[in-house]
Amino acid sequence: MSSPLNFHLEQYDGPLDLLLDLIRKQEINIYDIPIARITQQYLEYMQKAAEMDIELSAEFVYMAATLIHIKSRMLLPRDPELDKLLPEEDPRQELVDRLLEHERFKSAAEMLQQKRVVEEAVWSNPQIAQFRAEDDDPGLAVTLFDLVKTFQTVLERAKHRPVYEIGTEEVSVPDMIRYLRGVFEQDRGPVSARDLFERQRSRRAMICLFLALLELVKLQAVGLTQQDSFGEIGLKRLKGFEAAFAGGDTLAAIEQGYN
Amino acid sequence: MDEMDAAQLAEDQSTDSEDAQLQAILEAIVYITDEPLTVQQIAAAIEQPIDKIKRILDQLVEEYGKPEHGLSIREIAGGYKMATKAEHHEAVRAFVKKLTPPMKLSLPALETLAVIAYKQPVTTPEIMEIRGVQGAGVLKTLLDRKLIAEAGRKDVVGRPLTYKTTKEFLVQFGLKDLKELPTLKEFEELGRLELVEESQPEPAATAAAESPATEPPGTDA
Amino acid sequence: MDEMDAAQLAEDQSTDSEDAQLQAILEAIVYITDEPLTVQQIAAAIEQPIDKIKRILDQLVEEYGKPEHGLSIREIAGGYKMATKAEHHEAVRAFVKKLTPPMKLSLPALETLAVIAYKQPVTTPEIMEIRGVQGAGVLKTLLDRKLIAEAGRKDVVGRPLTYKTTKEFLVQFGLKDLKELPTLKEFEELGRLELVEESQPEPAATAAAESPATEPPGTDA
């Protein structure tokens, strides 16, 4: 067998890697590749890979076709007169250029790896935190990519949000009152009641939300609105909102009531 | 006499360069740790005699004590620690204050901004609906930073305000116009290609961006 | 004559002590900051002429370059950054507490990164063409780690996104700027030299592809 790859089948990142390895291992002059030999070795590799159930990507097949094409072009006799007028480029030229280009980037990758090895042996200990004001939000340094990624995450979350799942979490009526208080501190309303209920993750949470709403309506902190009969029910902050939460008493009293 | 001197000199030199080496190591060690390290701890870790370590650390303390150094190595709580000198604290603090921080956003703010960028013009309830969290507090942050602006009212019940991204948003993200925003399809393409290429999982670098935000009840504002 | 000398001396001394003061402040600043700061940023913040800051920073770089220092101040990503010297990694590692996991990149990821570094701004199809494989692969990993960023769309059919390397790339690879990278031509010449000189059948370029990435020293702590 003529292939230098007989004894162990290696994984290559792509056909260019495989070709380069064949060429370099056999110390072949890359500017004068014996295309028949290399093509044969290349095909042997593909065969072996198939036998060992190693899946090769489509580029390997495409490269095989390219090699065979180059080989056949080199076999065809050329009209010497035509060659004088219109010298044909070596059929291997394009492949050689690609191989050399690829090899340059492999070397560049290696150079980068060496630089990383050095950087991994170096540590820094910045103390800037001691000089930053405490209220500075370190936050995230944001790129465009973060923006897309974040949007994707938000959409995924929306997709997987379980609506009627019975959770094990212990949500209580006072929890829901605090939750509603947060809602109406941001937004005076009207807020869609249906939206609020749909956002709850468990039956228990919905019941607690319902009871919490009743409590707030009783306290005249929140009012219910409906544009037309059977229409959407809206929730609105009322004048009694601040008063209801002024002291801690209201919540404490309700908490007692439900314990 | 000459020979003795030469020998002495050679020995001195080798000791000097050994000392310089040890001093360099001690400097690096004192720099890297946040807790004051005792001489014993250091000596044990780098397997050198305690008195030698002590002598060189004292040299370092003295060296950094000079006025041309803004750092000092001090003996604190029985150990050694590097820090900035107190007399320069004002200057350093003023410096830090003047640093223009890179655009940093909290995760809730980033999420809200992302929703607005891709869904504009969009109302507060719509943003909350998509994000699945209550609380529009971060809108103010984004408005303050001029990353978003109001974009008129929507013609539905309650006529809620809508929001859009601004020119400043484009500048901050290096975009010529909104058409330059990568589409979700392009993003998914990246993910798909990734699966083909990279079989071994690699540790995520930006864990914060991936962890899900807190869900209700409770507001994130 | 004597008087003039004295005046000159006094002036020199005051300049010296002013310089020492400034050097101390710069040392403190470089010590505390986490991101490399440019001369311009520093000069603007402490209201001093750029060339003066540059001169003193260069003095600091030189001073810390001496073997008796275990720390170094390096020019990275267009700015200055303090860190321990690589040659003391064994001694220092024992004391590193907040060990951020080393950034592991696969060879395909490094290759993609190399293509982007040299060809930026570059599109996904262009990357695939050079690498000879379908799938831009690992782009998402590189984006996640903020080593690359989107760089607008290219004005060709389909208006594909382009990519470029970031400041974080320079920091992670310890580069002053992109110009510090060897040219591609240099790699070619290197390859040719190897072909001529190397008698072993395995040139370096292919050897790396076969053996699993060498374990960098910073991983086991």
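Values below: every heavy atom of this structure, side chains too, minus hydrogens, waters and symmetry copies. The chains referred to below are lettered A, B, ... by the order of the sequence lines, with proteins before strands, and numbering in each begins at 1.
Judged by distance alone, the side chains of E27(B) and Q23(B) never bring a donor and an acceptor atom under 3.5 Å apart.
Within a 6.0 Å sphere centred on CD of Q120(B), other residues, nucleotides and ligands contribute more than 12 heavy atoms. Atom CD of E63(B) sits in a crowded spot, with more than 12 heavy atoms from other residues, nucleotides or ligands closer than 6.0 Å. Atom CD of E47(B) has 12 or fewer neighbouring heavy atoms from other residues, nucleotides or ligands inside a 6.0 Å radius.
In this structure, no portion of L180(A) lies under 4.5 Å from any heavy atom of chain B.
In this structure, the side chain of T162(B) engages the main chain of A151(B) through a donor-acceptor pair within 3.5 Å. In this structure, the side chain of D17(A) does not engage the main chain of Y12(A) through any donor-acceptor pair within 3.5 Å.
Inspection of non-hydrogen atoms places T84(B), H89(B), V92(B), R93(B) of residues 81-93 of chain B under 4.5 Å from chain A.
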